[in-house]
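Written below as structure tokens is the structure these notes are about.
Every heavy atom of this structure was used, including side-chain atoms; hydrogens, water molecules and symmetry mates were not.
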Amino acid sequence: MRREHVERYRLYDCDGSDTPLATGQAALDRWRPGLTVRWLLPPEKPVRRISRQARHRLRRRRLRKRLERQAPLFARELERQALAARPDYYYGTPTKR
């Protein structure tokens, strides 16, 4: 077990108190029936956001790949039709300032 994983262990009494009796390897060594060992979760990473331009570029790329896989002979024509039918979705709208 890696050291950073062991450091997340906390030993608690079963009476419901939130004060740990021991942490890390000491918590694992001192455990006995009647005590609770909890493993702390790492902090959540922030949600990754992409720009509107990148999102529209990804949508066009996925459309092209999907059409090339489903109908390789007609992919270009079907792509042109899809882009013409939903320009806001695939190209976005200019923002008003």
Side-chain angles (χ1 to χ4, degrees):
M1 192 178 311
R2 293 175 23 192
R3 181 174 173 80
E4 59 266 14
H5 292 167
V6 173
E7 294 302 320
R8 292 185 184 157
Y9 283 103
R10 303 290 186 264
L11 182 68
Y12 295 92
D13 197 358
C14 285
D15 64 0
S17 66
D18 285 338
T19 308
L21 301 174
T23 61
Q25 187 62 42
L28 298 176
D29 294 339
R30 290 181 53 191
W31 180 85
R32 66 183 194 290
L35 298 178
T36 302
V37 175
R38 295 183 199 158
W39 194 71
L40 299 180
L41 295 175
E44 291 184 22
K45 294 180 181 176
V47 177
R48 182 176 161 231
R49 304 279 183 199
I50 61 173
S51 67
R52 288 184 179 181
Q53 294 85 4
R55 184 179 315 135
H56 296 304
R57 194 171 45 247
L58 284 172
R59 289 174 177 171
R60 290 190 303 270
R61 185 181 310 147
R62 289 178 185 154
L63 171 69
R64 186 178 317 115
K65 286 185 177 187
R66 183 174 59 247
L67 292 174
E68 286 175 356
R69 186 179 62 244
Q70 292 174 352
L73 293 176
F74 306 105
R76 286 186 181 173
E77 181 59 31
L78 293 172
E79 181 181 5
R80 271 191 289 251
Q81 290 174 5
L83 293 176
R86 297 180 69 190
D88 293 345
Y89 184 76
Y90 290 109
Y91 290 109
T93 55
T95 57
K96 295 180 181 177
R97 291 186 186 206

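Residue S51 is tested with R49, Q53, R55 for a side chain to side chain contact (heavy atoms under 4.5 Å, CB included); the sole match is Q53.
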Would you be so kind as to tabulate the donor-acceptor pairs closer than 3.5 Å made by side chains of residues 66-78, with sequence neighbours excluded?
from, atom 1, to, atom 2, distance (Å)
E77, OE1, R80, NH2, 3.3
E77, OE2, Q81, NE2, 3.3

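For L83, the side-chain contact (heavy atoms from CB on, under 4.5 Å) partners two or more places apart in sequence, or in a different chain, are R60, L63, E79, Y90, Y91. Take A85 and apply the side-chain contact (heavy atoms from CB on, under 4.5 Å) test, not counting sequence neighbours, and it matches no residue.
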